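In what follows, a structure is listed as structure tokens, so that the remarks can point back to it.
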Amino acid sequence: MSSSPTVRGRMHPGFDEILTPDALAFLARLDGEFAGRRADLLAQRRAQSRRINRGADLDFSLEEIAAREDDSWSVAPIAPGLADRRVELVAPVTRSHVEHAMASNASTWLADLEDATAPTWFNLVDGQIVLRDAVRAYAARPQITRPTLIMRPRAWHLCEKHITIDGRPISATLVDFGLYFFHNAKALIEAGYGPYFYLPKIESGAEARLWNDIFNAAQDALDIPRGTVRATVLIETLPAAFAMEEILFELREHASGLNAGRWDYIFSYVRTFAHRGDEYVLPDRERITMTTPFMRTFTDLLVATAHKRGTHAIAAPAANNPTVQDEERRHRALNVVHAEKEREAEEGFDGSWVAHPAMVDTVMSAFTHVLGDKLDQIEVKRTPRHDAHALVSLEGTMQTTSLHGVRSNVSVALQYLAAWIDGQGAVAIGNYMEDAATTEICRAQLWQWMHHSTQLAEGPQVSRALLERLIDEEMIKLKRGADADIQLRLDEAREVLERSALTDELPGFFTNYAYVRFLLDEGLRMPRGIDAEDLRQSEKVAGDAA
């Protein structure tokens with residue numbers, strides 16, 4: 001039996017309504033039962049990464065083969081409120097964003113505690129307060145038609161250092177899921193919905209099995225019938241693309257779909273093959289589209305797999321931010337998005353994410369144009385193509401890297417990281433909404449190009465000296481006219497970028513360093529100057545100790 005959790009974060013007004021003794025006891029119960037398995041699975045991830053670095057290839061596992069060759073199973077029936085998935089609006093969990101999401105014309109909205117939320121202690125607990133109030137609004141006025149609420153917790157590799165048990169930080173995943181489920185599951189059911197989740201950054205069927213067991217334990221603890229929970233899985237890691245059928249099989253009692261997580265998937269590709277050859281070096285970020293051959297192979301497999309097992313296939317996000325453009329450019333951008341989403345609907349997808357409320361009507365129109373009066377096309381069955389080589393090969397992809405692409409990655413990363421350190425998780429930069437996933441691509445590509453001395457279209461090779469010069473130049477541009485606070489955040493952003501992109505080895509995630517360096521409450525933060533290897537080892541020890 002786990003000890004009682006210790007709350008080490010500051011108790012702001014209202015936090016005691018979320019961090020109640022009963023809720024903390026519920027977290028302790030989940031931690032006691034599942035923390036060890038989480039640590040084991042993270043160790044398995046590290047072991048697989050080492051094998052791939054040494055030259056092993058990704059392939060479909062024996063479990064995946066067994067699951068896909070068994071035609072006798074399908075996932076759970078569609079749950080209340082999840083029949084229409086044509087447009088899903090992703091929203092940070094702040095009161096204003098939640099109000100806009102609930103008032104939108106989206107089919108569902110994703111309350112995102114992961115990539116669209118900077119994981120400050122205030123953001124995360126206040127987000128739970130906001131979600132509790134939103135759920136009560138659904139229950140109080142059931143006659144109002146609103147998009148269905150789905151919550152995304154943080155991923156397995158993250159810890160919540162403001163809550164500890166016996167001095168050990170609790171899994172951030174269990175904190176986010178546990179607090180939300182404890183306070184809202186029964187109210188959601190009474191409102192005619194249910195506790196619905198998006199599961200981020202899964203890498204294997206074993207990780208899906210862990211989630212399924214957590215759902216069962218949580219439902220049993222609150223006397224909720226098993227199978228009430230529904231979970232849509234983000235296929236946003238390269239290993240997960242080789243385990244989609246196995247993942248659905250493990251979650252079949254609770255599964256509600258697969259989502260093509262475009263940005264994290266591209267980041268995972270770079271991260272997976274970080275220490276392999278030039279044949280895995282990706283081009284400029286803007287050149288990697290959903291029609292790029294290896295991405296098209298991935299999405300075709302996802303759609304076929306989801307529909308084979310009777311569930312939704314959700315397309316990658318439309319990340320455009322149309323509000324900052326003049327009218328002509330705005331309409332041009334919306335037309336491009338409309339055409340892209342029509343293409344995805346024709347390829348079999350049942351809906352798509354959008355990153356801004358102003359995109360909802362455009363994407364809804366595109367899917368309705370293809371689907372007509374149907375809400376989905378799950379009945380359209382296609383044979384999955386299990387081609388391991390095509391999932392990873394860059395054949396047919398123009399591997400062109402330009403100075404503009406490198407500079408753009410530097411600028412976006414600096415701007416986003418400065419905002420992230422300041423507590424913002426979703427940031428409008430140029431014509432796009434950027435989040436943690438897009439920034440992970442930016443810094444991982446910088447590392448990859450430097451590590452492989454990639455030759456630019458303009459002639460020179462990418463080197464540490466070149467990246468340092470570009471960082472200097474972009475810092476000057478971004479600081480020009482900025483106030484002292486913004487300049488300080490940019491300096492801090494530079495520190496994070498250099499530690500996550502200019503190192504000998506590619507750090508798994510920028511958040512591991514940035515979180516403990518800048519986002520913890522005073523007294524818990526890591527002092528400046530800690531060695532990156534010390535940080536990696538401390539995170540590994542914390543995970544193993546779980």
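Any value given below was found using the heavy atoms of this structure, including those in side chains, with hydrogens, waters and symmetry copies removed. Only a predicted model underlies this, so the values are computations on that prediction, with no experimental measurement involved. All residue numbers refer to positions in the sequence shown, counting from 1.
Under a 4.0 Å N-O distance rule, the pair R95/D133 qualifies as a salt bridge. By the 4.0 Å N-to-carboxylate-O rule, E17 lies close enough to R132 to be salt-bridged with it. Look at R86 and D84 and you find a salt bridge, because one of the NZ, NE, NH1 or NH2 atoms lies within 4.0 Å of a carboxylate O, short of that distance. Salt-bridge check for D176 with R152: failed, with every basic side-chain N at 4.0 Å or more from each acidic carboxylate O. Remark: E253 does not engage R226 in a salt bridge, criterion side-chain N to carboxylate O under 4.0 Å. No salt bridge links R154 with E114; every basic N to acidic carboxylate O contact stays at or beyond 4.0 Å. Of the charged side-chain nitrogens involved, none lies within less than 4.0 Å of a carboxylate oxygen, so that R68 and E245 do not count as a salt-bridged pair. The existence of a salt bridge linking R517 and E492 is excluded, since no basic side-chain nitrogen approaches an acidic carboxylate oxygen closer than 4.0 Å. Look at D213 and R37 and you find a salt bridge, because one of the NZ, NE, NH1 or NH2 atoms lies within 4.0 Å of a carboxylate O, short of that distance.
Taking the six-membered ring for Trp and thresholds of 30 and 60 degrees, W353 and Y198 have ring planes more than 60 degrees apart, a perpendicular arrangement. Using a 30° and 60° split on the angle between ring planes, F182 and F26 fall in the tilted class, from 30° to 60°.
Put simply, the side chain of P119 does not reach to within 4.5 Å of the side chain of L158, judged on heavy atoms. Between K201 and L234 the shortest side-chain heavy-atom distance does not fall below 4.5 Å. Between E88 and V354, the closest side-chain pair of non-hydrogen atoms is not below 4.5 Å. At least one side-chain heavy atom of L113 sits less than 4.5 Å from a side-chain heavy atom of L124. The shortest distance between side-chain heavy atoms of S204 and I247 does not fall below 4.5 Å. A 4.5 Å side-chain heavy-atom check between F34 and T173 finds every atom pair outside the cut-off. Between L248 and V233, the closest side-chain pair of non-hydrogen atoms is not below 4.5 Å. Contact check for E64 versus H386: side-chain heavy atoms found under the 4.5 Å cut-off.
A centroid separation of 6.0 Å or more is found between the aromatic rings of F518 and W420. For F267 and W263, the gap between ring centers reaches or exceeds 6.0 Å. Ring pair Y180/F197: centre-to-centre distance below 6.0 Å. In this structure, the ring of Y269 has its center no less than 6.0 angstrom from the ring center of Y265.
Of the possible donor and acceptor atoms, none in the side chain of T164 sits under 3.5 Å from a partner among the backbone N and O of P169. A donor-acceptor pair is defined here as one N or O able to donate and one able to accept, closer than 3.5 Å; no such pair exists between the side chain of S352 and the backbone of P317. S268 contributes no side-chain N or O that, together with a main-chain N or O of D264, makes up a donor-acceptor pair within less than 3.5 Å. A donor-acceptor pair under 3.5 Å links the side-chain atoms of D350 to the main chain of A313, judged by distance alone. In this structure, the side chain of R146 does not engage the main chain of M102 through any donor-acceptor pair within 3.5 Å. Under a 3.5 Å cut-off, the side chain of K186 and the backbone N or O of L222 do form a donor-acceptor pair. For the pair T439 (side chain) and D435 (backbone), a donor-acceptor distance under 3.5 Å is present. Panel note: side chain S107, backbone V87; a donor-acceptor pair is recorded below 3.5 Å.
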Before giving the answer on side-chain hydrogen bond (donor to acceptor under 3.5 Å, both in side chains), spell out for S61 and E246 the whole-Å C-alpha distance, their side-chain angles and the decisive distance to 0.1 Å. CA-CA 9 Å; S61 69; E246 181 188 354; 3.2 Å; yes
Apply the test side chain to side chain contact (heavy atoms under 4.5 Å, CB included) to residues F60 and L391: give CA-CA distance (whole Å), side-chain angles for both, the deciding distance (0.1 Å), then the verdict. CA-CA 11 Å; F60 296 93; L391 275 172; 3.9 Å; yes
Verify side chain to side chain contact (heavy atoms under 4.5 Å, CB included) between T272 and L58, making sure each step is shown before the conclusion. CA-CA 10 Å; T272 299; L58 283 166; 4.1 Å; yes
Run the numbers on L110 and L89 for side chain to side chain contact (heavy atoms under 4.5 Å, CB included), then give the verdict. CA-CA 6 Å; L110 171 62; L89 172 61; over 6 Å; no
Residue pair T117, N123: steps toward the side-chain hydrogen bond (donor to acceptor under 3.5 Å, both in side chains) verdict: CA-CA 7 Å; T117 295; N123 282 352; over 6 Å; no
Assess whether side-chain hydrogen bond (donor to acceptor under 3.5 Å, both in side chains) is satisfied between N212 and H254, documenting all intermediate values. CA-CA 7 Å; N212 199 71; H254 300 106; 2.7 Å; yes
Worked verdict on T232 versus R85 for side-chain hydrogen bond (donor to acceptor under 3.5 Å, both in side chains): CA-CA 11 Å; T232 305; R85 306 285 295 272; 2.9 Å; yes
Check the pair L251, V75 against side chain to side chain contact (heavy atoms under 4.5 Å, CB included), reporting the backbone distance first and the verdict last. CA-CA 8 Å; L251 282 164; V75 305; over 6 Å; no
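For the pair D59 and A388, the tightest heavy-atom approach, listed with the atom from each and the gap, is OD1-CB, 3.7 Å. In terms of heavy-atom proximity, A436 sits nearest to F510 at O-CE2, 3.9 Å. In terms of heavy-atom proximity, T503 sits nearest to W447 at O-NE1, 2.9 Å. Across all their heavy atoms, A83 and L375 have their closest contact at O-CB, 3.8 Å. The heavy-atom pair separating A28 from P5 by the smallest distance is CB-CD, 3.8 Å. Taking all atoms of both residues into account, the shortest heavy-atom contact from R10 to W121 is O-NE1, 2.8 Å.
At most 12 non-hydrogen atoms from other residues, nucleotides or ligands lie less than 6.0 angstrom from CG of L62.
Judged purely by distance below 3.5 Å, without hydrogens or angles, the side chains of R136 and N184 pair a donor atom with an acceptor atom. Side-chain contact, R230 with Y196: no donor N or O sits under 3.5 Å from an acceptor N or O. There is a side-chain donor-acceptor pair under 3.5 Å between S72 and D70. Between the side chains of E160 and Y515, at least one donor-acceptor pair of N or O atoms lies under 3.5 Å.
Across N259, V303, D376, a single residue satisfies side chain to side chain contact (heavy atoms under 4.5 Å, CB included) together with F349, and that is V303.
Residue S49 holds its OG atom at 6.5 Å from CZ of R271, rounded to the nearest 0.5 Å.
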